[in-house]
Amino acid sequence: MLRTKNIVYGFCSYTTPKKPKYLISLYRSEELNIVAVFTTSKKRSGTPSPKHGGNKRNGIITSYVFEANKPIGKKYLSDETFSFPLETTIPFDYCFIENTQEKILKSFENPHVVGILSDEEYIEIIYNFLHSPLTPEKYRKLFDKILSEYYSC
């Protein structure tokens, strides 16, 4: 369920209060560890005029914003485009979760894959994480590896 680029939706117990939440799976290792990020529809871009893609505050990439209703991939098991219904942000200062698929999914009620990011959107997200000083170093190394492998093909 948590394959790279999958967008999962469900009722999440990680948040306070518990609420419906999107999770985007960015990486799955051979050891079955998952690196994923939570999104929010709160205004957390860090800029007064957010745009689709990486957003900066004082020259530093602080978030990735998805415009409402802008196609970013496909709906799961469909050729229809997928988009978030509201402006949705990955705020780089608190978004990461890393664990096994089983443990991550246990924190959701009724999790289901709703979409799959396009390659272009996925690579743009990874690029912005790599170049943000808010991204923890262990993930920056991973994102550098992902981009290197992508561009070497």
* Asked: If you look at every heavy atom in Tyr64 and Glu124, which pair is closest and at what distance?
  ->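 Taking Tyr64 first and Glu124 second, the nearest heavy atoms are OH-CG, 3.5 Å.
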
* What is the minimum heavy-atom distance between Pro71 and Asn69, and which atoms define it? ->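 Answer, listing the atom of Pro71 first, then Asn69: CD-O, 3.6 Å.
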
For the backbone of [Y] and the side chain of [X], can you confirm whether one donor and one acceptor N or O come within less than 3.5 Å of each other?
X      : Y      : answer
Thr40  : Lys42  : yes
Lys21  : Thr39  : yes
Thr62  : Gly46  : no
Arg140 : Leu130 : yes
Tyr122 : Leu26  : yes
Ser132 : Asn128 : no
Asn55  : Gly53  : yes
Ser152 : Glu149 : yes
Ser45  : Lys51  : no
Ser118 : Gly73  : no

Can you tell me how far the [atom1] atom of [X] sits from the [atom2] atom of [Y], to the nearest 0.5 Å?
X      : Y      : atom1 : atom2 : result
Cys12  : Phe108 : SG    : CZ    : 4.0 Å
Thr47  : Asn58  : OG1   : CG    : 9.5 Å
Tyr22  : Thr88  : OH    : OG1   : 7.0 Å
Ile7   : Ser83  : CD1   : OG    : 9.5 Å
Ile34  : Thr100 : CD1   : OG1   : 8.0 Å
Leu147 : Phe129 : CG    : CZ    : 12.0 Å

* Begin from the C-alpha positions of Val37 and Leu23 and carry the test side-chain contact (heavy atoms from CB on, under 4.5 Å) through to its verdict. => CA-CA 6 Å; Val37 291; Leu23 180 77; 5.9 Å; no

* Any side-chain donor paired with an acceptor under 3.5 Å for His52 and Glu87? ->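 Looking only at side-chain atoms, Glu87 and His52 do not form any donor-acceptor pair under 3.5 Å.
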
* To do: Under the side-chain contact (heavy atoms from CB on, under 4.5 Å) rule, what do Phe66 and Ile24 come out as? Steps first, then yes or no, please.
  => CA-CA 12 Å; Phe66 302 95; Ile24 301 174; 3.9 Å; yes

* Ring geometry between Phe84 and Phe82 (parallel below 30°, tilted from 30 to 60°, perpendicular above 60°) ->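 Answer is perpendicular, since the angle exceeds 60°.
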
* **Within the 6.0 Å centroid threshold, strictly below: Tyr14 and Phe38** =>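 Centroid distance Tyr14-Phe38: below 6.0 Å, so yes.
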
Are there more than 12 heavy atoms of other residues, nucleotides or ligands under 6.0 Å from atom [atom1] of [X]?
X      : atom1 : result
Lys74  : NZ    : yes
Glu137 : CD    : yes
Tyr127 : OH    : no
Lys5   : NZ    : yes

* Asked: Is there a path of hydrophobic side-chain contacts, each under 4.5 Å between heavy atoms of I, L, V, M, F, W or Y residues, that connects Ile61 with Val65?
  ->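 In one cluster: no.
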
* Would you kindly confirm whether Tyr150 and Tyr27 end up in one hydrophobic cluster when ILVMFWY residues are joined by side chain heavy atoms under 4.5 Å apart? =>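 Per the 4.5 Å side-chain linkage, Tyr150 and Tyr27 are co-clustered.
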
* Any side-chain heavy atom of Val35 within less than 4.5 Å of one from Leu142? ->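 In short, these two side chains touch, coming nearer than 4.5 Å.
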
* Report the C-alpha distance between Ile104 and Gln101 in whole Å, list the side-chain angles of each, state the deciding distance to 0.1 Å, and finish with yes or no for side-chain contact (heavy atoms from CB on, under 4.5 Å). => CA-CA 5 Å; Ile104 290 173; Gln101 175 171 287; 5.9 Å; no

* To do: Tell me, with the steps shown, if Glu98 and Tyr139 meet side-chain hydrogen bond (donor to acceptor under 3.5 Å, both in side chains).
  => CA-CA 10 Å; Glu98 178 183 1; Tyr139 298 131; 2.8 Å; yes

* Does the pair Phe96 and Lys138 meet the rule for a side-chain contact (heavy atoms from CB on, under 4.5 Å), with working shown? -> CA-CA 12 Å; Phe96 289 101; Lys138 68 179 180 176; over 6 Å; no

